[in-house]
Undergrad: 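One structure, as structure tokens, below. Some questions next.
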Number of protein chains: 2
Amino acid sequence: MTTDPHSTAGPASGHGHDHAHCIADALMRADALCAERGARLTALRRQVLELVWNSHKPRGAYAILEDLSQREGKATAPLTVYRALEFLVEHGLVHRIESLNAYIGCAAPGAVHSGQFLVCETCGNAVEIDDPRIRAAIGTIAAEHGFQVSRPTVEVRGTCTDCQEKTP
Amino acid sequence: MTTDPHSTAGPASGHGHDHAHCIADALMRADALCAERGARLTALRRQVLELVWNSHKPRGAYAILEDLSQREGKATAPLTVYRALEFLVEHGLVHRIESLNAYIGCAAPGAVHSGQFLVCETCGNAVEIDDPRIRAAIGTIAAEHGFQVSRPTVEVRGTCTDCQEKTP
DNA sequence: GGTCATGGCGTTATCTTATTACATCGCCGG
DNA sequence: CCGGCGATGTAATAAGATAACGCCATGACC
């Protein structure tokens, strides 16, 4: 439902999919999830979520800040963005890519979050995956070490299919 | 060979092991590895490596910088440390923990590096693991996505055995 | 021995990312 | 109405990282 090869094209992504749909979808799910939890998805937070979703590339907090300032027509403080991001991350609507100091919209908010990503070093896109084998392997080895897992982070750097084709 | 319950105790680690031995060992291996490769492990780089090894906790570049400045008796520039760290990371003597913006000595330099860590959120210690199952699982799923892996990063946050025992 | 190229290091400035401290606003329950 | 709490605004600053430039030691080569 989120991939649509023929479309009017989204504003930022290079993929041939209806990115506007991605955004709308993400916002809808966020609304639903927050309503369900009694969390307050304020205008500001919603705005930041939308900006995070502007592409499928992880975006730095200050990039988002710039966009936000532009939209609002006035300078916004970093803290404003960081606070919104903190909220969004806490509620699993956004993930932080540690190896990039950047943020990306969650593909499946509400579901189990083990936070696994394939990050393309060429185009910058990041695809969220949630492979049970990886999760299981981590769980197993952690148990073997008597280590109690709270937050597993898997970020695989490399080259995505598209970029491989472009540079054979 | 690296764990020795009865000892004169290392300078920083809380574990009951001879940490001085860890350090000496790490330096020796680094010397050997660099000699083998024709890489120049200069006095400065060796010093930084030693400081990284001062504990089994990941250390920030600026923490190392402070130590270095103190040892040298004069202020050192950040770049100095970053350059040394870059060299050490390139040669697999040190790993960068992305989720902490910090650096830690490699437990098995020269061997395969997939960079997997169990990071305790309580005591700050990080244990390097290299589980073939995790590596395999990442390889498999990457292949399924047509994704070419260059650098997998696995950083598992949680609580280590010792800290679990202390807070039951 | 001279000289030249290279790589390591020093100096300074600057950039990006993130947080601390404190004030204000607005909504909701009592 | 008012107290309290969560959200936002403002200002300053910490922490992490890099850019631009140049000097100096080392070692190869003549």
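Sequence lines set the chain letters: A, B, ... in the order given, protein chains first and strands last, and positions in each chain run from 1. No experiment lies behind these values; they were computed from the predicted model shown.
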Undergrad: Rounding to an integer number of Å, can you tell me how far Leu41(A) CG sits from dA7(D) P?
TA: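 Going from Leu41(A) (CG) to dA7(D) (P), I get 11 Å.
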
Undergrad: Hey, are the side chains of Leu85(A) and Val48(A) touching, using non-hydrogen atoms and a 4.5 Å cut-off?
TA: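 SC-SC contact between Leu85(A) and Val48(A) confirmed.
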
Undergrad: Need to verify one output field. Residue with the more 5' nearest nucleotide on DNA chain C, Ala84(B) or Ala63(A)?
TA: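 Whichever sits nearer the 5' end wins; that is Ala84(B).
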
Undergrad: State which residues pass ring pair (Phe, Tyr, Trp, His ring centres under 6.0 Å) with Tyr82(A); sequence neighbours excluded, sorted by chain then number.
TA: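 Scan of Tyr82(A) (ring pair (Phe, Tyr, Trp, His ring centres under 6.0 Å), adjacent residues dropped) gives none.
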
Undergrad: Do Leu49(A) and Leu79(A) belong together in a cluster built from hydrophobic side chains that touch within less than 4.5 Å?
TA: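 Each belongs to a different hydrophobic cluster.
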
Undergrad: In whole Å, I'd like the distance from the CD atom of Gln47(A) to the P atom of dA7(D).
TA: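 Answer to the nearest Å: 18 Å.
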
Undergrad: Is there a donor and acceptor pair closer than 3.5 Å between the side chain of Tyr62(A) and the base of dA18(C)?
TA: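 Result: at least one qualifying N/O pair found.
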
Undergrad: With sugar-phosphate meaning primed atoms plus P, OP1 and OP2, does Leu44(A) contact a base, only sugar-phosphate, or nothing at under 4.0 Å between heavy atoms?
TA: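 Contact class for Leu44(A): sugar-phosphate only.
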
Undergrad: Grouping I, L, V, M, F, W and Y whenever their side-chain heavy atoms are under 4.5 Å apart, do Leu41(A) and Leu44(A) come out in a common cluster?
TA: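 Yes: a chain of side-chain contacts under 4.5 Å links Leu41(A) to Leu44(A).
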
Undergrad: Both Pro78(B) and Lys74(A) contact DNA chain D. Which one's nearest nucleotide lies toward the 5' end?
TA: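 Between the two, 5'-proximity favours Lys74(A).
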
Undergrad: Regarding Tyr103(B), tell me which of base, sugar-phosphate or nothing describes its non-hydrogen contacts under 4.0 Å with the strands shown.
TA: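 Answer is sugar-phosphate: Tyr103(B) comes under 4.0 Å of backbone atoms only.
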
Undergrad: Just how far, in rounded Å, is P of dA18(C) from CG of Leu85(A)?
TA: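 Rounded to the whole Å, the gap is 9 Å.
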
Undergrad: Using whole Å, what does the distance between atom P of nucleotide dT18(D) and atom CG of Asn101(B) come to?
TA: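 So the CG-P distance, Asn101(B) to dT18(D), works out to 10 Å.
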
Undergrad: Just to confirm, is there a sub-4.0 Å distance from OP1 or OP2 of dC9(C) to any side-chain nitrogen or oxygen of Thr42(B)?
TA: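 Affirmative; the distance criterion is met.
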
Undergrad: OP1 or OP2 of dG10(C) versus the side-chain N and O atoms of Thr80(B): is any pair under 4.0 Å?
TA: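 The answer is yes; a side-chain N or O of Thr80(B) sits under 4.0 Å from OP1 or OP2.
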
Undergrad: Using 4.0 Å as the upper bound for N to carboxylate O, is an ion pair formed by Asp67(B) and Arg71(B)?
TA: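 So Arg71(B) does not pair with Asp67(B) through a salt bridge.
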
Undergrad: Please state how far atom CZ in Phe87(B) lies from atom C1' in dT18(D), giving the value in whole angstrom units.
TA: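 Value for this atom pair: 20 Å.
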
Undergrad: Determine whether a donor-acceptor pair (N or O, by modelled atom type, separation under 3.5 Å) exists between the side chain of His95(A) and the backbone of Pro58(A).
TA: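 The answer is no, because no donor-acceptor pair under 3.5 Å joins these two groups.
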
Undergrad: Base, backbone or nothing for each nucleotide of nucleotides 23-30 of chain C, written B, S, -, heavy atoms under 4.0 angstrom, 5' to 3'?
TA: --------

Undergrad: I need the CD-P distance between Glu86(A) and dT17(C), as an integer number of Å.
TA: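 To the nearest whole Å, that distance equals 18 Å.
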
Undergrad: Which residue, Gly60(B) or Ala43(A), contacts DNA chain D at a nucleotide closer to its 5' end, judged by nearest heavy atom?
TA: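 Final value for this comparison: Ala43(A).
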
Undergrad: Nearest whole angstrom, please: distance from the C1' of dA7(D) to the CZ of Arg45(A).
TA: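 That distance rounds to 6 Å.
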
Undergrad: Which word best sums up how the rings of Phe87(B) and His91(B) line up, parallel for under 30°, tilted for 30 to 60°, or perpendicular for over 60°?
TA: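 Correct class here is tilted.
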
Undergrad: Taking atom P of dT19(C) as reference, at what distance in whole Å does atom CG of Leu100(B) sit?
TA: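 Atom CG in Leu100(B) sits about 12 Å away from atom P in dT19(C).
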
Undergrad: Would you indicate, yes or no, if dA17(D) has its OP1 or OP2 atom less than 4.0 angstrom from a side-chain nitrogen or oxygen of Tyr82(B)?
TA: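 For dA17(D), OP1/OP2 do have a side-chain N/O of Tyr82(B) under 4.0 Å.
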
Undergrad: Tell me whether the side-chain N/O atoms of Arg96(B) come closer than 4.0 Å to OP1 or OP2 in dA17(D).
TA: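 Looking at the OP1 and OP2 atoms of dA17(D), one of them is under 4.0 Å from a side-chain N or O of Arg96(B).
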
Undergrad: What residue among Ile138(A), Thr153(A), Asp131(A) forms side-chain contact (heavy atoms from CB on, under 4.5 Å) with Gln116(A)?
TA: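 Looking at Ile138(A), Thr153(A), Asp131(A), the match for Gln116(A) under the side-chain contact (heavy atoms from CB on, under 4.5 Å) is Asp131(A).
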
